[in-house]
Amino acid sequence: MLSYDPADSATRRDPFPLFDRLRAEDPVHWSAALNAWVLTRYDDVRAAMFEPHFTADRVRPFFRRLPAEERGKYPDLERYITGWAVFFDPPGHTRLRRLMNKAFTPRAVAGLRPKIQGIVDDLIDRVAASGAMDAIADFAYPIPASVIMVMLGVPRRDLDAVKRWSDDMALFVGSSRLSPDKYRRAQSGMGEMADYFRAIIASRRVAPEDDLISAMLLPDLSGDAFSEDELIATCSLLLFAGHETTSNLIGNGIRALLTHPAELRRVAAEPALVETAVEEMLRWDGPSHGLARLVAADVELNGKQLKPGDRVFALINAANRDPAIFPDPDRFDVARDPNKHLTFAAGIHFCLGAPLARLEGQIAIATLLRRLADLRLADQELDWLDSMILRGVKSLKLSFRAV
């Protein structure tokens, strides 16, 4: 009998054979382990991003449903994560998205290219002579984390603290299955991050700088502006979302290339392929494993009746290998075109930072292949993230020769 349980170690390591069976045999699958519906077909996953039958407002109901003895135990989580734009439907989402837009204009993103290149080169300089690195800790994580910190105007020296807070918050946001203390740890991480941003915001009110926090303190053309809590929530969202998925894009992308050496050689020989290569990395084993929704109104999918309040996990990485959309979907092809993957979602919740993530991925991969040769994966047992939402490994050890 088919059963999807993301806590199963074999499923965490390689979920794709099970995804194939679910798409073919039970595409709207009731997971007893999750007490939720699991969607695996492209059209159904995309519908969960568009259709009004599904709502992104899943965090506020979570706190309302807590047992009486648990209520009030996670005040910072409830106060700030419920303010993340990704957990809103219109009109609240429309307003928050409008206030956030100033961060990711095409001009603003293009202007970051020299800074991103400098960060990538600096990280490679640090490891080049050693001939070995952990591609996550030494490369994939610091790139996007450093970039978003530069944008916000927070010191890069605080990178280790940011990682600790984000790792703890990811247990809640990513729907961890293996961490019994995830709510306590997420509350601690959110509380510390909120205190951190509250102090920076107070400083910028007195002395604005040329950074995103200072810009977000200003009202928009209509006179609307973030409240203090909304600004803290938005800063924590940008810092969290601005690096978690892109770190996994780079890490998963490096692993994909090294397990497909012919494709690695294609990109190394033809650097212009890096753009389509990054799109294929986003599709083939993407950093956004799935998204969670609640059913807002009765809906029928593939003969199954979904009821209001039911939880739904729309598995993006399953949709991205749907053979109805992608020819030879299990093949990793750095020149695949077209490539209509759903990794950045779709509709009103299309990822605001997608252009920045693409740019960071392209610069990271192109520079890695240009500056390091004989890249090889070291023997290790990969430890995959405990998450329904995020997909990546905690460590990826490489050996190489500096060019």
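All values below were derived from every heavy atom in this structure, side-chain atoms included, with hydrogens, water molecules and symmetry-related copies excluded. Only a predicted model underlies this, so the values are computations on that prediction, with no experimental measurement involved.
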Stepwise side-chain contact (heavy atoms from CB on, under 4.5 Å) check, Val173 with Trp84
CA-CA 11 Å; Val173 178; Trp84 285 15; 3.9 Å; yes
Please determine whether a side-chain nitrogen of the Lys or Arg among Arg358 and Glu275 lies less than 4.0 Å from a carboxylate oxygen of the Asp or Glu.
no
Any non-hydrogen side-chain atom of Pro323 less than 4.5 Å from a side-chain atom of Arg23?
yes
Could Asp224 and Arg98 be called an ion pair, given the rule that one side-chain N must be under 4.0 Å from one carboxylate O?
yes
Should Trp284 and His260 be marked as a ring-ring contact (aromatic ring centres under 6.0 Å, His included) after you check the CA-CA gap, both sets of side-chain angles, and the distance that decides it?
CA-CA 12 Å; Trp284 187 76; His260 297 83; 4.9 Å; yes
Using modelled atom types only, decide if a donor and an acceptor are shared between the side chain of Asp322 and the backbone of Tyr42 within a distance under 3.5 Å.
yes
Begin from the C-alpha positions of Met151 and Leu356 and carry the test side-chain contact (heavy atoms from CB on, under 4.5 Å) through to its verdict.
CA-CA 11 Å; Met151 291 177 68; Leu356 178 59; 3.7 Å; yes
Ionic contact status for Lys394 with Asp134, cut-off 4.0 Å:
no
State whether the side chain of Lys304 and the backbone N or O of Val28 hold a donor-acceptor pair below 3.5 Å, judged by distance alone.
yes
Is it the case that the side chain of Ser31 and the backbone of Tyr4 share a donor-acceptor pair, with hydrogens and angles ignored and the cut-off at 3.5 Å?
yes
Using side-chain heavy atoms (C-beta onward) and a distance below 4.5 Å, is Leu294 in contact with Asp57?
no
Heavy-atom side-chain proximity of Val299 to Glu51 below 4.5 angstrom:
no
Taking all non-hydrogen atoms of both residues into account, name the closest pair between Gly153 and Arg204 and its distance.
O-NH2, 2.6 Å
Indicate yes or no: does Glu230 engage Arg95 in a salt bridge with an N to O separation below 4.0 Å.
yes
Would you please test Arg79 and Met190 for side-chain contact (heavy atoms from CB on, under 4.5 Å) and show each step?
CA-CA 10 Å; Arg79 181 177 181 181; Met190 184 71 255; over 6 Å; no
When you check the side-chain N and O atoms of Ser222 and Asp220, is any donor under 3.5 Å from an acceptor?
yes
Between the side chains of Asp195 and Arg198, is the shortest nitrogen-to-carboxylate-oxygen separation below 4.0 Å, so that they form an ion pair?
yes
Give a yes or no answer on whether the side chain of Asp211 reaches the backbone of Ser214 with a donor-acceptor pair at less than 3.5 Å.
yes
Assess the residue pair Thr11 and Asp5 against the criterion (side-chain contact (heavy atoms from CB on, under 4.5 Å)); give the C-alpha distance rounded to whole Å, side-chain angles, the decisive distance to 0.1 Å, and a yes or no.
CA-CA 7 Å; Thr11 299; Asp5 181 0; over 6 Å; no
For Phe62 and Phe172, what are the C-alpha separation, side-chain angles and deciding distance, and is it a ring-ring contact (aromatic ring centres under 6.0 Å, His included)?
CA-CA 11 Å; Phe62 165 81; Phe172 176 79; 5.4 Å; yes
Only one of Ile365, Leu112, Ile116, Val109 clears side chain to side chain contact (heavy atoms under 4.5 Å, CB included) with Glu360; which?
Ile116
Looking only at non-hydrogen atoms, find the nearest pair between Ala48 and Ala314 and report the distance.
CB-CB, 4.0 Å
Distance-only, no hydrogens or angles: does the Arg391 side chain make a donor-acceptor pair with backbone N or O of Asp285 under 3.5 Å?
no
Give the minimum heavy-atom separation between Leu385 and Asn248, together with the two atoms involved.
CD1-ND2, 3.6 Å
Any idea which heavy atoms bring Asn252 and Gly286 closest together, and the distance?
ND2-O, 3.8 Å
Salt-bridge test for Asp138 and Arg126: reply yes if a basic N is under 4.0 Å from a carboxylate O, no otherwise.
no
Between Thr343 and Asn320, a side-chain donor and acceptor under 3.5 Å:
yes
Met216 side chain near Cys235 side chain, heavy-atom distance below 4.5 Å:
yes
Can you name the side-chain contact (heavy atoms from CB on, under 4.5 Å) partners of Pro338, sequence neighbours left out?
none
For the side chain of Gln362 and the backbone of Val274, is there at least one donor-acceptor N/O pair under 3.5 Å apart?
no
Main-chain N/O of Asp333 paired with Arg266 side-chain donor or acceptor, under 3.5 Å:
no
Heavy-atom closest pair (Thr82 atom, Val59 atom, distance to 0.1 Å) is CG2-CG1, 3.7 Å
Whether Arg60 engages the ring of Phe88 as a cation-pi pair (distance to the six-membered ring centre under 6.0 angstrom, angle to the ring normal within 45°) should be assessed.
yes
Backbone of Ala335 reached by a side-chain donor or acceptor of Glu280 within 3.5 Å:
no
Would Lys73 and Tyr183 count as a cation-pi pair here, with the cationic atom under 6.0 angstrom from the ring centre and within 45° of the axis?
no
Determine whether Leu249 and Met281 make a side-chain contact, defined as any pair of heavy atoms from C-beta on separated by less than 4.5 Å.
yes
Can you spot which of His243, Met149, Met100 makes a side chain to side chain contact (heavy atoms under 4.5 Å, CB included) with Leu238?
Met100
Between the side chain of Arg12 and the main-chain N/O of Trp384, is any donor-acceptor distance below 3.5 Å?
yes
Count the heavy atoms belonging to other residues, nucleotides or ligands that lie under 6.0 Å from CG of Asp210, then report whether that count exceeds 12.
no
Is it true that Asp330 and Arg321 make a salt bridge, defined as a side-chain N closer than 4.0 Å to a carboxylate O?
yes
If only side-chain N and O atoms count, and only distance matters, is there a donor-acceptor pair under 3.5 Å linking Ser166 with Glu244?
no
Any carboxylate oxygen within less than 4.0 angstrom of a Lys/Arg side-chain nitrogen, looking at Arg164 and Asp160?
no
For residues Ala233 and Ser236, report the shortest heavy-atom separation together with the two atoms involved.
O-OG, 2.7 Å
To the nearest 0.5 Å, tell me how far Ile254 CD1 sits from Leu257 CG.
8.0 Å
Does any part of the side chain of Pro308, heavy atoms only, come nearer than 4.5 Å to the side chain of Asp298, both counted from C-beta?
yes
Check this for me: does any side-chain nitrogen of one of Arg41 and Asp43 sit under 4.0 Å from a carboxylate oxygen of the other?
no
Considering residues, nucleotides and ligands other than Arg71, do more than 12 of their heavy atoms fall under 6.0 Å from its CZ?
yes
Check whether any side-chain heavy atom of Phe226 lies under 4.5 Å from a side-chain heavy atom of Leu217, and answer yes or no.
no
Hey, does the side chain of Arg336 reach the backbone of Glu279 with a donor-acceptor pair shorter than 3.5 angstrom?
no
